[in-house]
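In what follows, chains are A, B, ... by sequence order, proteins preceding strands, each numbered from 1.
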2 protein chains.
Amino acid sequence: MTDATPLDAEQLAAYFALKEVGSLLEHAVEQQLRVDGGLSGPQFQILARLAGSPRGHLRMTDLADGLVYSRSALTYQAAQLENAGLITRAPAEDDERSTVVTLTPGGRERLGKVMPGHIEVVQRLLFDTLTRDDIAAITDILGRVRDRMRTVPPRSAAPRRSTGARKPAD
Amino acid sequence: MTDATPLDAEQLAAYFALKEVGSLLEHAVEQQLRVDGGLSGPQFQILARLAGSPRGHLRMTDLADGLVYSRSALTYQAAQLENAGLITRAPAEDDERSTVVTLTPGGRERLGKVMPGHIEVVQRLLFDTLTRDDIAAITDILGRVRDRMRTVPPRSAAPRRSTGARKPAD
DNA sequence: TATTGTTATACTCTATAACTATA
DNA sequence: TATAGTTATAGAGTATAACAATA
């Protein structure tokens with residue numbers, strides 16, 4: 001049990017680099033979004049996806065796909081955005097169970113207000129350091145990883161219920 | 001500030017891939033840590049850094065360096081770990097202001113209990129998809145990005161002791 | 001019965017600012 | 001005065017489970 005082949009030094013380096021860059025970037029971006037437009041990361045993501053959709057509206061389920069959060073978390077964020085007047089929610093016409101989320105003009109405006117700073121941060125933090133080749137490499141490699149992650153079973157198959165001594169966290 | 005050159009398609013693809021992989025990986029890892037050992041991501045990070053240090057102890061300041069969180073967040077997590085018996089805290093001998101954090105045997109054990117699963121997840125999610133060349137490329141590219149991120153002044157420009165403040169204020 | 005979404009609840013985590021104490 | 005760390009507070013975000021409504 002204790003002898004799962006450890007990650008070698010190069011894997012570790014790659015893993016840590018990925019983790020750190022992801023964290024720092026996320027942190028910087030979230031701060032910018034909050035300062036420039038009072039948006040959290042998840043909220044920005046929702047608005048951006050709506051703006052990127054053909055008619056500026058998507059169902060909750062569409063929004064949920066590809067998000068890391070739970071349904072209730074999405075509902076919570078949608079409520080925040082609705083209260084702020086940035087989106088509207090209405091039952092779908094073809095399927096009354098569904099909720100159609102629509103970007104309001106105010107939402108679009110907010111997005112426009114925040115995007116320049118967003119782009120600036122990502123430019124400065126990420127792309128100022130990268131050549132075109134770097135970018136291509138990252139896209140290729142991480143794109144593959146992402147596709148794989150979306151496919152791989154979420155680790156219920158791992159037979160790891162060994163010790164049985166569930167330490168009470170006290 | 002209204003005319004920031006937008007990111008081109010390739011930059012966007014790279015940015016999204018990075019963001020998504022980072023999120024998915026973090027999410028999967030945190031779930032594993034919680035299930036296998038009742039640890040949160042930050043808690044695991046603290047334990048791991050202590051285990052990786054020469055004598056299994058570091059000052060709070062050492063732990064704070066390189067972390068994205070605030071000092072109070074670190075204090076909170078340290079308190080959690082101390083209550084769980086995984087670390088101890090004691091004033092430093094040479095400088096009574098400092099707190100020395102030490103990994104307990106229990107903490108080391110907990111880490112050992114969690115590591116196999118951790119490694120397994122990272123292996124399966126990340127490295128099963130990557131060639132040695134991929135890994136080298138990621139380490140090189142993201143390593144450079146990370147170094148740069150650590151250097152670049154934060155956007156909201158706190159007064160820095162060094163010269164070269166890029167933008168006085170927003 | 002299955003799917004879509006919301007709500008109620010409880011919890012974890014975080015940041016800010018005020019505070020203590022040492023240097 | 002500056003540094004190391006803690007605490008008090010207050011808020012944001014999340015997951016789980018129960019729930020309602022529609023298919």
*Asks:* With sugar-phosphate meaning primed atoms plus P, OP1 and OP2, does B:Tyr76 contact a base, only sugar-phosphate, or nothing at under 4.0 Å between heavy atoms?
*Replies:*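 Base: the residue B:Tyr76, judged by heavy atoms under 4.0 Å, touches a nucleobase.
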*Asks:* Quick one: which of C:dA15, C:dA2, C:dT6 gets closest to the side chain of B:Ala73?
*Replies:* C:dA15
*Asks:* Please report the distance, rounded to the nearest Å, between CG in B:Asn83 and P in C:dT12.
*Replies:* 12 Å
*Asks:* If you find the nucleotide of DNA chain D closest to A:Arg34 and the one closest to A:Arg97, which residue's nucleotide is nearer the 5' end?
*Replies:*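 Upstream on the strand: A:Arg34.
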*Asks:* Is the shortest heavy-atom distance from the side chain of B:Gln32 to the side chain of B:Val114 under 4.5 Å?
*Replies:* yes
*Asks:* At under 4.0 Å between heavy atoms, what does B:Thr75 touch on the DNA or RNA strands: base, sugar-phosphate, or nothing?
*Replies:*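 If one applies the 4.0 Å heavy-atom cut-off, B:Thr75 turns out to touch a base.
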*Asks:* When we call it a touch if two heavy atoms are under 4.0 Å apart, what does B:Ser98 touch: a base, just sugar-phosphate, or nothing?
*Replies:* sugar-phosphate
*Asks:* Which nucleotide of DNA chain D is the first, and which the last, in the 5' to 3' direction, to come under 4.0 Å of a heavy atom belonging to chain B?
*Replies:* D:dT3 to D:dA15
*Asks:* Considering every strand and a 4.0 Å limit on heavy-atom distances, what is the contact class for A:Gln43: base, sugar-phosphate, or nothing?
*Replies:*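 If one applies the 4.0 Å heavy-atom cut-off, A:Gln43 turns out to touch the sugar-phosphate alone, with no base involved.
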*Asks:* Can you tell me if CZ on B:Arg150 sees more than 12 non-hydrogen neighbours from other groups inside 6.0 Å?
*Replies:*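 Above 12, so yes.
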*Asks:* Any Lys/Arg nitrogen of A:Arg59 or A:Asp62 sitting under 4.0 Å from an Asp/Glu carboxylate oxygen of the other?
*Replies:* yes
*Asks:* Could you tell me whether the side chain of B:Arg89 and the main chain of B:Glu82 form a donor-acceptor pair under 3.5 Å?
*Replies:* no
*Asks:* Can you tell me the distance, in whole Å, between the CG atom of B:Leu67 and the P atom of C:dC13?
*Replies:*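 That distance rounds to 14 Å.
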*Asks:* Would you indicate what A:Ser72 reaches in the nucleic acid, counting non-hydrogen atoms under 4.0 angstrom: base, sugar-phosphate, or nothing?
*Replies:* base
*Asks:* Charged N to carboxylate O below 4.0 Å: is that the case for B:Glu120 and B:Arg124?
*Replies:* yes
*Asks:* Among C:dT12, C:dT6, C:dA15, which nucleotide has an atom closest to any side-chain atom of B:Ser70?
*Replies:* C:dA15
*Asks:* Within this structure, what is the CD-to-C1' distance between A:Glu96 and C:dT4, rounded to whole angstrom?
*Replies:* 12 Å
*Asks:* Donor-acceptor pair, B:Gln45 side chain versus B:Pro42 backbone, under 3.5 Å?
*Replies:* no
*Asks:* Measure from CG on A:Asp94 to P on C:dG5 and round the result to the nearest Å.
*Replies:* 11 Å
*Asks:* Just the rounded figure in Å: distance from C1' of C:dT3 to CG of A:Asp65.
*Replies:* 13 Å
*Asks:* Expressed as a whole number of angstroms, how long is the span from A:Glu82:CD to C:dG5:P?
*Replies:* 14 Å
*Asks:* Take atom CG of B:Leu39 and atom P of C:dT12, then tell me their distance rounded to the nearest Å.
*Replies:*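 Rounded to the whole Å, the gap is 14 Å.
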*Asks:* Rounded to the nearest angstrom, tell me the gap between atom CZ in A:Arg59 and atom C1' in C:dG5.
*Replies:*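 Checked: the CZ to C1' distance equals 12 Å.
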*Asks:* Base, sugar-phosphate or nothing for A:Gln77? Non-hydrogen atoms, less than 4.0 Å.
*Replies:* sugar-phosphate
*Asks:* So do B:Leu39 and B:Arg34 actually touch side chain to side chain, heavy atoms under 4.5 Å?
*Replies:* no
